[in-house]
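As C-alpha cells, the structure follows; a few thoughts come after it.
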Amino acid sequence: MVYWGRRALWKQEGSTNVAQDIRVRFAPSPTGNLHIGGARTALFNFLFARHNNGSLILRIDDTDLTRSTEESRRGILSALRWLGLDWDEGPAAGGLYGPYSQSQRLDIYKETARMLVERGIAYRCYCTPEELAERRKQAAAEGRAPRYDGRCRELSLQEQIEKENQGLRPAIRLRIPDRGETIVQDFFRGDVVFANDVLDDFIIMKSNGIPAYNFACVVDDAKMRISHILRAEEHLSNTPRQILIYQSLGYSLPVFAHVPMILAPDRSKLSKRHGATSVEEFREMGYLPEALLNYLALLGWSPEGEQEVLSLAELVSQFTLEKVGKTAAIYDVKKLTWMNGHYLNAKDIDQVVEQAAPYFQKKNMIPQRLNREETVYFKQVVSAVRTRVKTLAEVADASEYFYTDSFSYDEKGVRKHFRKEKAAEYLKKAREKLALLEKFDLETTEAAYRELSEELGVKAGEIIHPTRLALSGRTMGPGLFEIMVILGKEKTLKRMERAVQYIENLS
RNA sequence: GGCCCGUUAGUCAAGCGGUCUAAGACACCGGCCUUUCACGCCGGUAACAGGGGUUCGAAUCCCCUACGGGUCACCA
C-alpha cells in the first residue's frame, strides 16, 4: 500500500497486501543549533510516523566538513530528546540502514557516482571553482542565467588525462536533459512543473570527494527506503534536481511533501537577529517542551476540533497531512508564552518543581542539593508562585523574596501603600495580632486580618496591600496569606517590623 | 533578474462552489470574580490583497497585477 495523494489515500498495489512501511526522516545538518523551524519539521515527521505506525529516521547530513561541528550535532540531539521526539533509527538508536551520518557514508556516494560516470550519465568536470565563479559573474553582467555551460560534457579520455596531469581533480556533474520538464508531485501543492532547461548540469560530487547535498540526500533517502519526504518548502526548488538523480539511479520516487516555512515576525527568514529562534534558547528561557511542541504543531497544522491545547499523544492521534496548510507562518512568542503558562499550571507540581530547580540554582537561590526541609519549602514556593507567571525563569524571578530578606521595596508600591497616613500603624497592629497566633496557617492569619479590619473600620485591602509590600517588596504575587504561611511566623513578623522602621524613616 | 511557491483580522488559523451578514485561539479593549497580580468566566474591536472572468451562485475554480517568501554554489 502506498499513501498516495492529498485526498485519497491508501492505494492498493496489485493484489499483494504487503504494506509498504511509512518511513520518514529528519535530516539536520549540524552547522548550528536546532531552530524552531527545524523543530517543527522534526515534529511533523514524528507525528506522521507515529500516527501511521511508521518509523522516524534521524540522519545527520554532515557533508559540509568545514561548517559541521560535533558540538552542534550533540546540541541537536539533545534538543530533540528534550522535546521528546524520539527516533527509531539513527545516532544512538542504530538501525538496519546505517550508518546514519553522511560523513560515514562517503564510500557509498563515491561508488554510486563512479557507476553513473561509467554509464555516461554523469561526467567529470575539471573547471575550477574560480573559473566557474568568474563565468557566473560574467553571465550576471550580461544578464544571462548563470548556468553551467557544459564545456566538460564531452571531454575525450585524452583531454581528461591531460587535465589530470595538470594536477586538476575533477568534480562530477550529472548530465541533465536540455529539453523536457521535470514534474514534482508535491503532496500539498499538486504538480509543480520545472522546465529542464532552467536546470543545469549540477555537481553531485565535489572535487574533494565529498558529495554535494542533493546527491547524498537522494542516495540516502533511497537506500534508507524513505517513503515520504516531509521537509521545509525551501527544498521545493531542489526537488527537480533530486528527481533527476532518482531517475538516473533507477530508484522509485518517495512522496514529496513540502511544508511551509516559519518566518520571523518581520516576515523574513529566521535568523539570530530575531531574538530567540533556537529550541535551546527557549529551553533556557524556561519554556516547557510540551508547550513548545503544542505551539509548533499549530503552526502550519490545525486540529479537527476546536481544542488547541493538545498533548503529544493527542497530536499523534489527530495528525494527518491533509490538515497541514501551505502558507508560511510567522511565529508569535506571545501565544507560545500563553500556552507555556497554561502548561506550567496544568502540569504535575513535582515535575514543575524538578524543572524549575535549575533556574533557582542559576540565581543562587537554592543549593545544588536540598535537604528534606528545604525541599518542602521549595515546593511550597513553586506551587504558590507558578500560578502568576508563564515561564520557569519567571517562577524563579518571582520567588526571590522567599530566599532573601534583603529585598528592596517596589517604588510605586511605596508611594501607594507605605506613604499612606496610617500604613505604619496598620502594620504594627497587624503584627501584634499575628504575634498572638498560636497556629499560623491560612485560616488563622486571614481571620486575624479580617478581625483587624473590622476593629479599625477599614477595608481589609488597606492593611493587606502594605503587608504584601512589607513581606515581598512587591505589589503583586501569590495570595498574601499564602506568602505568610510559607515564610512562617517568625520571618513574617520580622519583615513587618522592618517595614515599619522603613516607613518611619521616610521623610 | 530567471524559475518556483504563496496571499482569510496585528499573529496563528477554520473554510475544499450555496449552511459565510466568515469559526476558534493568542494579542488588544471592556466587564465579572478578587487583598494585588495572574487564572477563570462573559462581551467587544478586527480579515477573504486588487482587478477581470467561469457559474444561477465564488473566500472557495481560472487568468492578470501587486505584494511576500523560496531557490538559482564544488552550503545544506
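All values below come from the heavy atoms of this structure, side chains included, with hydrogens, waters and symmetry mates left out. All chains are named by letter (A, B, ...) in the order of the sequence lines, taking the proteins before the strands, and each is independently numbered beginning at 1.
- Across all strands shown, B:rC41 pairs with B:rG31; the Watson-Crick or G-U wobble distances both stay below 3.5 Å.
- Contacts of A:Y287 classified as side-chain hydrogen bond (donor to acceptor under 3.5 Å, both in side chains), with partners at least two apart in sequence or in another chain: A:T337.
- As a whole-Å value, the separation of A:I36 CD1 from B:rC12 P is 12 Å.
- Taking the six-membered ring wherever Trp is involved, the centroid distance between the rings of A:F418 and A:Y409 falls below 6.0 Å.
- A salt bridge links A:E70 with A:R73; the closest basic N to acidic carboxylate O contact falls under 4.0 Å.
- Less than 4.0 Å separates RNA chain B from at least one heavy atom of each of the following residues of residues 335-347 of chain A: A:K335, A:W338.
- Between B:rC75 and B:rG70, the distance separating the two C1' atoms is 15 Å to the nearest Å.
- Across all strands shown, B:rU21 remains unpaired; no Watson-Crick or G-U wobble contact has both distances below 3.5 Å.
- Atom pair A:R267:CZ and B:rG10:P shows a separation of 12 Å (rounding to whole Å applied).
- A gap of 35 Å separates the C1' atoms of B:rU7 and B:rC42, to the nearest Å.
- B:rC16: no Watson-Crick or G-U partner with both key distances under 3.5 Å is found in any strand.
- Regarding A:E306, its CD atom lies at a distance of 11 Å from the P atom of B:rA23, rounded to whole Å.
- Rounded to whole Å, the P atom of B:rG24 lies 15 Å from the corresponding atom of B:rA14.
- Whole-Å rounding puts the A:I330 CD1 to B:rA9 P distance at 11 Å.
- Nucleotides B:rU11 and B:rG2 have their P atoms positioned 28 Å apart, rounded to a whole Å.
- Here, B:rA58 and B:rG18 have their C1' atoms 10 Å apart, quoted to the whole Å.
- Using a cutoff of 4.0 Å between basic side-chain nitrogens and carboxylate oxygens, A:D149 and A:R151 are scored as salt-bridged.
- Going from the C1' atom of B:rC20 to that of B:rC33 covers 36 Å, rounded to whole Å.
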Between the protein and nucleotides 29-36 of chain B, list every N/O to N/O distance that falls short of 3.5 Å.
| from | atom 1 | to | atom 2 | distance (Å) |
| --- | --- | --- | --- | --- |
| B:rU35 | OP1 | A:R450 | NH2 | 3.3 |
| B:rU35 | O2' | A:H465 | NE2 | 3.1 |
| B:rU35 | O2 | A:R468 | NH2 | 2.9 |
| B:rU36 | O2' | A:T475 | O | 2.8 |
| B:rU36 | O2 | A:T475 | O | 3.4 |
| B:rU36 | O2 | A:G477 | N | 3.1 |
| B:rU36 | N3 | A:R468 | NH2 | 3.0 |
| B:rU36 | N3 | A:G477 | O | 2.9 |
| B:rU36 | O4 | A:R388 | NH1 | 3.3 |

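- Annotation for A:E181 and A:N196: closest pair N-ND2, 3.5 Å, computed over non-hydrogen atoms.
- Pairing of B:rA59, defined by two Watson-Crick or G-U wobble distances under 3.5 Å, is not identified with any nucleotide.
- A:F26 meets the ring-ring contact (aromatic ring centres under 6.0 Å, His included) test with no other residue; sequence neighbours excluded.
- For A:F481, the ring-ring contact (aromatic ring centres under 6.0 Å, His included) test picks out A:Y449, with sequence neighbours left out.
- Under the side-chain hydrogen bond (donor to acceptor under 3.5 Å, both in side chains) criterion, A:K206 pairs with no residue at all, not counting sequence neighbours.
- For the pair A:L310 CG and B:rG24 C1', the interatomic distance rounds to 13 Å; values are reported in whole Å.
- Within the shown strands, B:rC67 is the pairing partner of B:rG6 under the Watson-Crick or G-U definition, both distances less than 3.5 Å.
- Checked against the 6.0 Å centroid threshold, A:W301 and A:F319 count as a close aromatic pair.
- Listed nucleotides B:rC26, B:rC39, B:rA23 differ in distance to A:K390; the shortest reach to its side chain belongs to B:rC39.
- If you check the side chains of A:D201 and A:Y123, you find a donor sitting under 3.5 Å from an acceptor.
- In this structure, A:L299 places its CG atom 18 Å from P of B:rA25, rounding to the nearest Å.
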Next item on the list: Could you run through nucleotides 71-76 of chain B and give me one letter per nucleotide, 5' to 3': B if any protein heavy atom sits under 4.0 Å from the base, S if only the sugar-phosphate is that close, - if neither?
Entry: S-SBBB
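- The phosphate of B:rG15 (OP1 or OP2) has a side-chain N or O of A:K323 nearer than 4.0 angstrom.
- Using a 4.0 Å heavy-atom distance criterion, A:V193 is classed as a sugar-phosphate-only contact.
- Separation of the C1' atoms belonging to B:rU34 and B:rU21 is 39 Å when rounded to the nearest angstrom.
- Residues meeting the side-chain hydrogen bond (donor to acceptor under 3.5 Å, both in side chains) test with A:N294, sequence neighbours left out: A:Y343.
- Remark: B:rC72 base-pairs with B:rG1. Criterion, Watson-Crick or G-U wobble with two distances under 3.5 Å.
- Taking the six-membered ring wherever Trp is involved, the centroid distance between the rings of A:F202 and A:Y148 does not fall below 6.0 Å.
- Residues passing the ring-ring contact (aromatic ring centres under 6.0 Å, His included) test with A:H35: none are found, sequence neighbours excluded.
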For nucleotides 41-43 of chain B, list the nitrogen or oxygen atoms of the protein found under 3.5 Å from its nitrogen or oxygen atoms, one pair per line.
none

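- Rounded to whole Å, the distance from CG on A:L263 to P on B:rG10 is 17 Å.
- For the ring-ring contact (aromatic ring centres under 6.0 Å, His included) test, no residue two or more places apart in sequence or in another chain qualifies with A:H258.
- Looking at A:S317 and A:E314, their side chains never bring a donor and an acceptor atom within 3.5 Å of each other.
- Qualifying side-chain hydrogen bond (donor to acceptor under 3.5 Å, both in side chains) partners for A:Y126, counting only residues two or more places apart in sequence or in other chains: A:E164.
- Here the C1' atom of nucleotide B:rC26 and the CG atom of A:L296 are 15 Å apart, to the nearest Å.
- Base pairing of B:rA47: no nucleotide in any strand meets the Watson-Crick or G-U wobble criterion (both distances under 3.5 Å).
- In this model, a side-chain donor or acceptor of A:E308 finds a partner on the base of B:rG24 within 3.5 Å.
- Comparing B:rG68 with B:rU60, their P atoms sit 22 Å apart, to the nearest whole Å.
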